[in-house]
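Contents: one structure, followed by commentary.
Atoms considered below: every heavy atom in the structure, side chains included; atoms not considered: hydrogens, waters and symmetry mates. Keep in mind that what you see is a predicted model, and the values were worked out from it rather than measured. For ligands, and for the atoms within them, numbers begin at 1 and follow the listed sequence.
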Amino acid sequence: MQKILAYAAQDALSPLTPFSYSQRELATDDVAIQILFCGVCHSDLHQARDEWGGSLYPMVPGHEIVGVVTEVGSQVTTYRIGDKVGVGCMVDSCQHCASCEEDLEQYCENGTVLTYNSVHKDGKTPAFGGYATGIVVKESFVLRMPENLPLDKAAPLLCAGITTYSPLKKWGIGPNQRVGVVGIGGLGHMGIKIAKALGAEVVALTSSPQKEEEARRLGADHVVVTRDPANLTPWKNKLDFVLDTVSATHDINPLLQLLRRDGAMVLVGLPTEPLRVAAMDLVIPRRELAGSLIGGIKETQEMLDFCGQHGIVSDIEQIPIQNINEAYERMLRQDVKYRFVIDMHSLHL
Ligand code: NAP
Ligand code: ZN
């Protein structure tokens, strides 16, 4: 059995350290992948440090996985050895509940198996993620990477890309609509690019004044620095949609006030503390507040193909796996442009 080299969190307080385990035996519908790159999502940090509670250790984080197929099970028809593939935030679901039937496996009513910090359907095997040299995944949860996109810059599409694409599509965002993207980090910078590609006018809302220029370069038509509340005043009742990607507790009421009547604000950021909502800001004038979790496998492939057609990739900083703990600290300081992507080569040596 092949040995997988990885980095793992052993508990909520210690830094990630080297770890190894045996790759699981291939089932007939499994695909074995050599991991080349893995994006670093803020969810990795939240879970490694048990900020949402219930974390399972040891934990090998990572759910923005790209690599090449090295082996396929006897019944696999979609992928061949050498194909460039991706794996996002989930690796299994029941495949027969109402959500799975509607291609929304992320809301599987019998429990989605997440790529890490999760247990496989056998009830005992821990799911280890992408900060590793390899992974074995069921064919139906493997994605095909667009040929024209560089794998390192495309890795963040597997989570940051689909998490922003899915709500923009569900709420029908397109031309003649004005979209606010709050928090210009991994998710937010993809939100700007995808909303622009869908034809919307984009307002970037950032708490970091130094990101003003950058947000424009990423495609934002307007940038609002939220630190000074006066900057928000001209935008009140002016937006059709607000996508909130902020990872920390923050006041969402001034952001709700930016929506016009019947406008919607969708939360994708997952701060640990509950948010406070002023009923008045929702009731008048009939605004909506909702949430959204990643996207189904079918929609993830659709998003990858869309990004391939539009040449959309992430702005990344490549790091060796040995720098992962420092990368977490920089992410907390809002100091990443705009996604760390781990180059797995040093683990393969
Ligand atoms: P990230 O790269 O760290 O970006 C988060 C951004 O939030 C920061 O760049 C910053 O943007 C803003 N921010 C951070 N602290 C803030 C504060 N105290 N006040 C105001 N703004 C602050 O994180 P990410 O990887 O994009 O993930 C963002 C969140 O989405 C995380 O909570 C993550 O767990 C969650 N997530 C959810 C899903 C889903 O399916 N719903 C999927 C993936 C991730 P500015 O500097 O521009 O203000
Ligand atoms: Zn993620």
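A side-chain N or O of Asp305 and one of Gln301 form a donor-acceptor pair less than 3.5 Å apart. Tyr57 and Asp50 share no donor-acceptor pair across their side chains, judged by distance under 3.5 Å alone. The closest side-chain donor-acceptor pair between Glu317 and Tyr338, if any, does not fall under 3.5 angstrom.
With respect to the salt-bridge test (charged N to carboxylate O, under 4.0 angstrom), the residues Lys138 and Asp92 qualify.
The salt bridge (charged side-chain N to carboxylate O under 4.0 Å, His left out) check on Glu212 picks up Arg216, with sequence neighbours excluded. Applying the salt bridge (charged side-chain N to carboxylate O under 4.0 Å, His left out) criterion to Lys196, with sequence neighbours excluded, gives Asp221.
Under the 6.0 Å cut-off for aromatic ring centres, Phe340 and Tyr328 do not qualify, their centroids lying 6.0 Å or more apart. Taking the six-membered ring where the residue is Trp, the centroids of Tyr21 and Phe128 are separated by under 6.0 Å.
Under a cut-off of 6.0 angstrom, the local environment of CD in Gln210 is crowded, with over 12 non-hydrogen atoms contributed by other residues, nucleotides or ligands.
Ordered by chain and residue number, the residues placing a heavy atom less than 4.0 Å from ligand 1 are Cys41, His42, Ser43, His46, Trp52, Cys159, Thr163, Gly183, Ile184, Gly185, Gly186, Leu187, Thr206, Ser207, Ser208, Lys211, Thr245, Val246, Ser247, Ala248, Val268, Gly269, Leu270, Ser292, Leu293, Ile294, Met331, Gln334, Arg339.
Distances under 2.8 Å from the Zn ion (ligand 2) pick out the protein N/O/S atoms Cys41 SG, His63 NE2, Cys159 SG.
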